Engineer: 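Questions regarding the structure given below will be posed in turn.
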Amino acid sequence: MEQQLARSDYLVGDCYSIADAALYAHTLIADEGGFELARYWAMSRGLARVAGQPNHVKTDAGEP
């Protein structure tokens, strides 16, 4: 994900897709599995981009 999001704003193609939405929730709680997301600047930007989508509903998972 980090490599792809470093090259592109989205995981697949040039626009927001189900791939971005599907991986958002899992990536958002990756710290619970011991992954330090702060190390991954492109994924952090990608999470913020998904959170900024119209009609996004916030969760309790510490969203950006």
Side-chain angles (χ1 to χ4, degrees):
M1 285 178 61
E2 179 70 7
Q3 291 175 358
Q4 177 60 25
L5 290 171
R7 290 189 301 264
S8 173
D9 285 344
Y10 302 99
L11 290 170
V12 179
D14 296 328
C15 61
Y16 178 70
S17 72
I18 191 68
D20 300 288
L23 291 172
Y24 176 76
H26 296 290
T27 307
L28 192 63
I29 60 169
D31 61 328
E32 293 178 13
F35 294 94
E36 295 181 33
L37 290 182
R39 297 178 47 203
Y40 303 101
W41 64 271
M43 285 195 329
S44 295
R45 279 188 358 195
L47 290 173
R49 202 172 293 112
V50 172
Q53 290 297 313
N55 301 316
H56 174 76
V57 177
K58 284 193 165 224
T59 68
D60 293 339
E63 294 185 58

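In this text, all values refer to a predicted model and were calculated from it rather than measured experimentally. Below, each value reflects all heavy atoms present in this structure, side chains not excepted, and no hydrogens, waters or symmetry copies.
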Engineer: Distance check, rounded to the nearest 0.5 Å: His26 atom NE2 versus Glu32 atom CD?
Structural biologist: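 Going from the NE2 atom of His26 to the CD atom of Glu32 covers 12.0 Å.
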Engineer: Counting only pairs under 3.5 Å, give me each side-chain donor-acceptor contact of residues 15-22, with atom names and distances, residues two or more places apart or in other chains.
Structural biologist:
| from | atom 1 | to | atom 2 | distance (Å) |
| --- | --- | --- | --- | --- |
| Ser17 | OG | Ala19 | N | 3.2 |
| Ser17 | OG | Asp20 | OD2 | 3.4 |
| Asp20 | OD1 | Leu11 | N | 3.0 |
| Asp20 | OD2 | Ser17 | N | 3.0 |

Engineer: Grouping I, L, V, M, F, W and Y whenever their side-chain heavy atoms are under 4.5 Å apart, do Leu47 and Trp41 come out in a common cluster?
Structural biologist: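 Not linked; separate clusters.
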Engineer: Restricting to side chain to side chain donor-acceptor pair (under 3.5 Å), what partner residues turn up for Arg39, sequence neighbours left out?
Structural biologist: none
Engineer: Please give me the minimum heavy-atom distance between Ala6 and Ala42, naming the atom from each residue.
Structural biologist: N-CB, 3.6 Å
Engineer: Compare all side-chain heavy atoms of Val50 with those of Leu28 and state whether any distance is below 4.5 angstrom.
Structural biologist: no
Engineer: Suppose we screen for side chain to side chain contact (heavy atoms under 4.5 Å, CB included). Which residues come up paired with Ala25, at least two apart in sequence or across chains?
Structural biologist: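 By the side chain to side chain contact (heavy atoms under 4.5 Å, CB included) rule, Ala25 matches no residue at all.
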Engineer: Rounded at 0.5 Å granularity, tell me how far CE in Met1 sits from CG in Leu23.
Structural biologist: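 Those atoms lie 5.0 Å apart.
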Engineer: Which pair of heavy atoms, one from Leu5 and one from Gly46, lies closest together, and at what distance?
Structural biologist: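 That would be CD1-CA, 4.3 Å.
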Engineer: Could you report the tightest heavy-atom contact between Gly13 and Ser8, atom names first, then the distance?
Structural biologist: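 That would be O-OG, 3.6 Å.
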Engineer: Mind checking the CZ-CE spacing from Phe35 to Met43? Nearest 0.5 Å is all I need.
Structural biologist: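 One finds 9.0 Å between CZ of Phe35 and CE of Met43.
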Engineer: Who are the side chain to side chain donor-acceptor pair (under 3.5 Å) partners of Gln4, not counting sequence neighbours?
Structural biologist: Arg7
Engineer: Side-chain contact, heavy-atom cut-off 4.5 Å: Tyr24 with His56?
Structural biologist: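 Heavy-atom side-chain distance check passes, below 4.5 Å.
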